[in-house]
Amino acid sequence: MSRGFNAISRREKVLRYALLVFVLLITVGPFLWQLSTSLKGPGEDIYTATPRFLPEQPTLGNYAEVARAIPVWDYIGNSLVVAFLTITGNAIGATLAGFALARLRFRGGKLVLGLILGTLVLPGEVTIVSQYVTVRELGLADTLVGVALPGAIGMLNILLMRAAFQAIPRELDEAAYIDGANAWQRFLHIGLPSVRGMLSVVVIFAFIGAWDDFLWPLIVLTDPENYTLTVGLQYLNSSFTSNPRVVAAGTMIAFIPIVVVFATLQRFFFRGVEEGAIKG
Amino acid sequence: MRAHRWFTPWLLVLPALVWLAVFNLWPSLNTVVLSFTNAKPLGGGTFVGTANFERLLTDDQLADALLNSIVYMLVCLPLLTVVPLLLAVLVEKRLPGITFFRTSFYSPVIASAVVVALIWNWLLEDRGAVNGLAQQLGLVSGPVPFLTDRWLLIFSAIGLTVWKGLGYYMVIYLSALGNVSRELHEAAAVDGAGPVRRFLSVTVPGVRNTMLLVSVLITVSALRVFSELYVLTNGTGGPGGRDMSVVMLIQMYSRGFTGHLGYASALSILLFVVTLGPMLLLLRLNRKGADA
């Protein structure tokens with residue numbers, strides 16, 4: 001029926017691919033240029049007026065140099081600790097609350113939901129100062145737990161999980177109830193299996209958010225030993241500006257893991273997009 | 001249906017409630033309290049009345065920061081509202097390899113702002129690739145001071161924000177394009193409307209609400225900019241500290257012996273006030289979107 005509309009002419013196909021490649025160069029080109037710089041040898045002139053894309057003396061020496069300049073393995077470990085705490089907190093806390101708010105009717109539930117919605121008008125930056133005071137009062141200033149704690153249950157994630165639980169047909173619940181299943185059993189056997197898609201979106205973004213965050217760890221952490229990778233990178237950049245090769249290697253160390261994670265899990269993400277889960 | 005004991009739901013929402021109270025509600029209240037004190041990052045603080053708010057009015061750095069935010073908004077708004085929509089139309093059709101292109105276009109979004117800023121720092125510096133190419137092509141005779149001129153630095157940071165945001169808004173548009181009626185497109189094509197005409201009279205009206213949503217998101221994020229300016233200026237705020245944003249000022253006053261949490265809180269309240277309008281609009285739009 002709509003085949004004639006769907007089939008596109010050869011000319012349009014060529015034009016579309018040309019545009020796709022053009023945008024690809026703009027979006028991915030800078031990453032590749034940084035990768036190329038990170039692989040260039042010390043004897044190579046990286047400042048030539050005609051930028052040379054392929055390294056003439058390819059080397060991994062710059063990556064080793066990063067480890068000499070900053071304790072990069074510790075920083076990776078610190079970022080992973082923060083990411084792990086954030087993912088665990090959100091996967092458990094937001095899922096449980098999302099289920100209760102979506103599937104169990106209880107006094108005060110509406111109020112809780114309203115308060116959670118209300119927090120969304122507050123950009124995180126607005127409360128960052130008093131957030132720091134809270135973390136300091138808890139004795140967690142300059143610790144990784146202090147970095148991870150405030151975001152360990154994100155209010156937006158609760159709402160996302162609630163939306164996912166709401167999409168489950170009521171009849172399933174009622175049937176299980178008649179069969180004598182209690183709330184916990186309905187959560188485990190009906191709820192959880194149906195929200196795996198949204199749960200992976202929440203987990204992916206908890207990881208990306210924790211791994212990429214800069215402002216909050218910059219405020220909480222003071223001892224260079226405790227830095228997360230992003231703060232450590234800025235530290236590397238401010239103290240070793242003389243060698244762009246090493247800074248480039250450092251940025252690649254921070255970027256490559258996130259690309260791997262996203263590339264592995266992107267089908268969940270784009271499926272979520274097509275189902276309309278991601279609205280921004 | 002009431003198939004559970006009264007406390008079951010409360011047990012399930014308990015962790016979330018604790019976080020809601022300790023890390024969302026309390027900090028909001030405490031920001032107001034702190035803004036009337038002279039609290040320091042290391043502790044202490046006494047009531048100082050409205051001194052911090054009076055200081056807002058005479059802070060030249062803040063005036064610069066607000067001006068920067070306005071420029072940021074004015075440039076980002078048209079670019080990030082329109083270009084990502086064009087990209088979404090480009091990647092909508094399921095050509096072979098389209099997943100690769102979609103994922104690649106999204107890659108600047110998943111990179112940390114620090115990584116992105118360091119990459120552009122290297123591209124834009126005096127002896128970097130952009131200046132090298134521009135001179136090679138004879139476009140300029142000497143290096144363009146992208147990172148050392150008061151206004152060029154702001155525009156460089158804007159370029160970076162736009163580059164990093166393209167994929168994000170593209171994905172939002174992509175999910176909206178699915179709802180644009182196919183029949184309308186076909187009818188327009190039968191009537192002899194070309195691609196441009198169809199884009200303007202079918203696609204754009206079809207995603208009008210999403211365009212509004214996107215432009216509010218852009219406005220809010222332009223007011224919240226931090227990492228780009230921080231990394232491009234190495235935390236100094238550029239020449240004379242004039243290339244700062246409000247969030248950068250908040251960060252500056254939140255640290256070290258010279259910090260002033262009371263004043264940082266007053267700045268936070270100012271930030272809240274300027275973002276409140278767009279934020280409320282956003283919430284309304286989102287709820288409307290959820291009902292649809």
Side-chain angles (χ1 to χ4, degrees), chain A residues 2 5 16 19-20 23-24 27-28 30 33-34 47 49-51 93 96-97 99-100 104 106 112 115-116 119-123 125-127 129-134 150 153 155 158 177 183 208 212 214-215 219 230 233-234 237-238 244 247 251 254-255 258 262 266 273-274 276 278-280, chain B residues 1 3-4 8-9 12-13 15-16 19-20 23-24 27-28 30-31 34 90 95 101 103-105 107-108 110-115 118-119 122-123 127 129 132 135-136 171-172 174-175 178 186 189 217 224 226-227 231 234 247 250-251 254 261 264-265 268 271-272 275 279-280 283 286 289:
Chain A
S2 57
F5 185 73
R16 274 182 179 267
L19 282 170
L20 284 169
V23 180
L24 186 70
T27 49
V28 177
W33 178 243
Q34 192 80 343
Y47 294 110
T50 332
L96 292 178
F99 175 76
L104 307 175
F106 61 106
V112 173
L115 286 173
I116 292 176
T119 63
L120 294 188
V121 301
L122 269 180
E125 292 83 354
V126 168
T127 52
V129 177
S130 51
Q131 203 82 272
Y132 171 71
V133 173
T134 307
I153 302 181
M155 297 299 121
I158 299 176
Y177 172 53
I208 294 180
D212 284 352
F214 179 55
L215 173 59
I219 288 179
T230 51
L233 266 186
Q234 161 60 24
N237 179 51
S238 57
V247 176
T251 54
F255 182 55
I258 209 108
F262 189 72
Q266 49 92 8
V273 169
E274 273 162 16
I278 288 104
K279 286 216 173 70
Chain B
M1 185 172 71
H4 51 78
T8 308
L12 295 176
V13 293
W19 256 257
L20 174 67
F23 296 110
N24 290 277
S28 318
N30 201 28
T31 304
L34 283 167
L90 182 65
L95 296 169
F101 286 105
T103 314
S104 303
F105 296 176
S107 56
I110 57 166
S112 167
V114 176
V115 166
L118 288 175
I119 289 176
W122 168 228
L123 281 169
R127 296 191 292 167
Q135 287 175 69
Q136 191 73 5
V171 161
I172 296 181
L174 197 57
S175 98
E186 290 176 22
L217 282 173
R224 296 166 60 183
F226 170 74
S227 305
V231 176
N234 233 327
V247 178
I250 293 175
Q251 186 270 341
S254 302
L261 293 187
S265 301
S268 305
L271 181 67
F272 174 63
T275 51
M279 277 292 200
L280 286 174
L283 205 60
N286 246 335

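All chains are named by letter (A, B, ...) in the order of the sequence lines, taking the proteins before the strands, and each is independently numbered beginning at 1.
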Asks: Do B:Met279 and B:Phe272 come close enough that some side-chain heavy atom pair is under 4.5 Å?
Replies: no

Asks: Taking only residues two or more places apart in sequence or in another chain, which ones pass side-chain hydrogen bond (donor to acceptor under 3.5 Å, both in side chains) with A:Ser130?
Replies: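 A:Ser130 satisfies side-chain hydrogen bond (donor to acceptor under 3.5 Å, both in side chains) with B:Thr31 only.
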
Asks: With a 3.5 Å cut-off and no angle check, do the side chains of B:Asn234 and A:Gln234 form a donor-acceptor pair?
Replies: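 The answer is yes; a qualifying pair exists.
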
Asks: With chain A, which of B:Ser254, B:Ala113, B:Pro108 has the greatest number of heavy-atom pairs at distances under 4.5 Å?
Replies: B:Pro108

Asks: Just give me the residue among B:Val115, B:Val13, B:Leu90 that pairs up with chain A most often, heavy atom to heavy atom, under 4.5 Å.
Replies: B:Leu90

Asks: Tell me, out of B:Val114, B:Thr8, B:Ile110, B:Leu20, who's got the most heavy-atom pairs with chain A below 4.5 Å.
Replies: B:Ile110

Asks: Identify which of A:Val23, A:Leu19, A:Leu122, A:Ile258 forms the greatest number of heavy-atom pairs closer than 4.5 Å to chain B.
Replies: A:Val23

Asks: Name the region of A:Ile158, side chain, backbone, both or neither, that has any atom closer than 4.5 Å to a heavy atom of chain B.
Replies: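 The side chain, not the backbone.
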
Asks: Is there a side-chain contact between B:Leu123 and A:Trp33 in this structure, where contact means two heavy atoms from C-beta onward sitting under 4.5 Å apart?
Replies: yes

Asks: List the residues meeting side chain to side chain contact (heavy atoms under 4.5 Å, CB included) with B:Phe226, not counting sequence neighbours, and say none if there are none.
Replies: A:Phe214, A:Leu215, A:Leu218, B:Tyr230, B:Val247, B:Met248, B:Gln251

Asks: Hey, which of B:Asn30, B:Asn24, B:Ile119 has the most heavy atom pairs under 4.5 Å with chain A?
Replies: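 Of B:Asn30, B:Asn24, B:Ile119, B:Ile119 has the most heavy-atom pairs under 4.5 Å with chain A.
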
Asks: Below 4.5 Å, heavy-atom pairs only: which of A:Val133, A:Val129, A:Leu120 has the largest tally toward chain B?
Replies: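 Maximum pair count with chain B is reached by A:Val129.
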
Asks: With a 4.5 Å cut-off on heavy-atom pairs, point out which of A:Leu115, A:Leu24, A:Thr119, A:Thr251 contacts chain B the most.
Replies: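 Winner by heavy-atom pair count: A:Leu24.
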
Asks: Can you measure from CG (B:Leu34) to OG1 (A:Thr127) and round to the nearest 0.5 angstrom?
Replies: 11.5 Å

Asks: Which region of B:Phe101, side chain (C-beta onward) or backbone (N, CA, C, O), has a non-hydrogen atom less than 4.5 Å from a non-hydrogen atom of chain A, or is it both or neither?
Replies: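 Just its side chain gets close to chain A.
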
Asks: Kindly give the heavy-atom pair with the smallest separation between B:Ser107 and B:Ser104, and that separation in Å.
Replies: OG-O, 2.6 Å

Asks: Please flag which part of A:Ile208 lies under 4.5 Å from any non-hydrogen atom of chain B: side chain, backbone, both or neither.
Replies: side chain

